[in-house]
Amino acid sequence: MNAAKRFEIFSRLRQANPHPVTELEYSNPFELLVAVTLSAQATDVGVNKATRKLFPVANTPEAIYALGVDGLKSYIKTIGLYNAKAENIIKACKMLIELHHSVVPDNREDLEALPGVGRKTANVVLNTAFGQPAMAVDTHIFRVANRTKIAPGKNVLEVEKKLMRFVPKEFLIDAHHWLILHGRYTCIARKPRCGACLIEDLCEFKDKTE
């Protein structure tokens, strides 16, 4: 795919949705960190249902740490892998309190040092909470990048690096939201909705649906 086509794709996505936001509900960087940690192998809808009960009770590292693992589990038990997630979040809260004055770090190294925080979670926090250009490649972005040929790659890291290189700079901050939403609602896994797609004529997917 050439640069002019990529520029037009992101221009259209921006025109349709000038200020894209994550579908996870949060009001500060710490809430976002918790929500993204919970969202691994879970839906944003499911995470929001749990955090709507959790955050009014505890939305700081101290308050969640005070709940303890079992206390936190009672709020998140509807989410997949909740046992491991509860343990990781409590450990992460302890580290935030002891090492970072309860402030979520705004750099990859410190974020990825937190239990339960991998590269993808760190990318979401850096991009969404701190406005840094970062590309959190989930299943939706991986599919869209490969299917459209915007940034094909064999694995998540390859796609991430290509997107960071190929997406025009003016679109980098919002690109990951546009691609996730596009994959979630239009370029869906089983049968993409090509007829309703605003970039269908630019997409290089060979097996387009009617």
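The figures here come from the full heavy-atom set of this structure, side chains too, leaving out hydrogens, waters and symmetry mates. Remember, predicted model here, so these are calculated numbers, not experimental data. Positions are given from 1, in the same order as the sequence printed here.
The closest side-chain heavy-atom distance from L202 to M1 is not below 4.5 Å. For the pair I89/Y65, no side-chain contact is recorded, criterion being any heavy-atom separation below 4.5 Å from C-beta on. Considering only heavy atoms from C-beta on, T22 comes within 4.5 Å of H177 through its side chain. The shortest distance between side-chain heavy atoms of I64 and F30 falls below 4.5 Å. Under the 4.5 Å side-chain criterion, counting only non-hydrogen atoms from C-beta, W178 is in contact with N17.
In the hydrophobic clustering of ILVMFWY residues, with side-chain heavy atoms under 4.5 Å counting as a link, I141 and L126 come out apart. A single hydrophobic cluster is seen to contain both V69 and V34, as judged by linkage of ILVMFWY side chains at heavy-atom distances under 4.5 Å, directly or through other members. When hydrophobic clusters are built by joining Ile, Leu, Val, Met, Phe, Trp and Tyr residues whose side-chain heavy atoms come closer than 4.5 Å, directly or via intermediates, F10 is grouped together with F142. In this structure, I150 is a member of the same hydrophobic cluster as L172, with clusters built from ILVMFWY side-chain heavy atoms closer than 4.5 Å. Both I97 and V117 are assigned to one and the same hydrophobic cluster, defined by single-linkage of ILVMFWY side chains at heavy-atom distances under 4.5 Å.
The two atoms that bring A42 and V47 nearest to each other are CB-CG2, 4.3 Å, heavy atoms only. Nearest heavy atoms, C93 versus P61: CB-O, 3.6 Å. D44 approaches S39 most closely through the heavy-atom pair OD1-CB, 4.2 Å. When all heavy atoms of L198 and R12 are compared, the closest pair comes out as O-NH1, 2.9 Å. Of all the heavy atoms in L114 and M95, the pair that sits closest is CD2-CB, 3.9 Å. Closest non-hydrogen pair, L38 versus I79, comes out as O-CG2, 3.5 Å.
For D138 (side chain) and I180 (main-chain N/O), no donor-acceptor pair under 3.5 Å exists by modelled atom type. In this structure a side-chain-to-backbone donor-acceptor pair under 3.5 Å is present from K162 to P152. Between the side chain of D110 and the backbone N or O of P105, no donor-acceptor pair lies under 3.5 Å. Side-chain atoms of R193 do not come within 3.5 Å of backbone N or O of I188 as any donor-acceptor pair. At least one donor-acceptor pair closer than 3.5 Å links the side chain of T209 to the backbone N or O of P192. Of the possible polar contacts, one joining the K85 side chain to the A40 backbone as a donor-acceptor pair under 3.5 Å is found. The backbone N or O of S74 lies less than 3.5 Å from a partner atom in the side chain of K77, making a donor-acceptor pair. D106 places no side-chain N or O within donor-acceptor distance of the main-chain N or O of F130, the cut-off being under 3.5 Å. At distances below 3.5 Å, not a single donor-acceptor pair connects side-chain atoms of N127 with backbone N or O atoms of N123. A donor-acceptor pair is defined here as one N or O able to donate and one able to accept, closer than 3.5 Å; no such pair exists between the side chain of K73 and the backbone of N83.
Note that the OG1 atom of T128 and the NE2 atom of H176 stand 4.5 Å from one another [nearest 0.5 Å]. Atoms CZ and OG1, from F205 and T148 in turn, are 10.5 Å apart once rounded to the nearest 0.5 Å. From N59, atom CG reaches atom OG1 of T51 across 10.5 Å, with rounding to the nearest 0.5 Å. In this structure, the separation between CE on M135 and CG on L157 is 13.0 Å, given to the nearest 0.5 Å. Note that CG of N146 and CD of E158 are 8.5 Å apart. Values are rounded to the nearest 0.5 Å. For the atom pair CD (E23) and OG1 (T43), the distance works out to 10.0 Å, reported to the nearest 0.5 Å.
In summary, E204 and R147 do not engage in a salt bridge, as defined by a charged side-chain N under 4.0 Å from a carboxylate O. We find that E160 and R119 are joined by a salt bridge, their nearest charged nitrogen and carboxylate oxygen being less than 4.0 Å apart. No salt bridge links D207 with K191; every basic N to acidic carboxylate O contact stays at or beyond 4.0 Å. Between R52 and E25, at least one side-chain N (NZ, or NE/NH1/NH2) sits under 4.0 Å from a carboxylate O, which counts as a salt bridge. A salt bridge links R108 with E112; the closest basic N to acidic carboxylate O contact falls under 4.0 Å.
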I would like to know whether Y26 and L33 meet side chain to side chain contact (heavy atoms under 4.5 Å, CB included); could you show each step before the answer?
CA-CA 9 Å; Y26 74 100; L33 177 66; over 6 Å; no

Worked verdict on H182 versus L13 for side chain to side chain contact (heavy atoms under 4.5 Å, CB included)
CA-CA 9 Å; H182 194 67; L13 292 172; 4.2 Å; yes

Evaluate the criterion side chain to side chain contact (heavy atoms under 4.5 Å, CB included) for residue pair L96 and H101; output intermediate values, then yes/no.
CA-CA 6 Å; L96 287 171; H101 308 289; over 6 Å; no

For a side chain to side chain contact (heavy atoms under 4.5 Å, CB included) check, start with the C-alpha distance between L72 and I76, then their side-chain angles and the critical distance, and finish with the verdict.
CA-CA 7 Å; L72 180 55; I76 65 169; 4.2 Å; yes

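Exactly one of L179, L181, V144 qualifies for a side-chain contact (heavy atoms from CB on, under 4.5 Å) with C187. That residue is V144.
Taking the six-membered ring wherever Trp is involved, the centroid distance between the rings of F171 and F7 falls below 6.0 Å.
Within 6.0 Å of atom NZ in K161, 12 or fewer heavy atoms from other residues, nucleotides or ligands are found, so the atom counts as exposed in its surroundings. Heavy-atom contacts from other residues, nucleotides or ligands closer than 6.0 Å to NZ of K49 number 12 or fewer.
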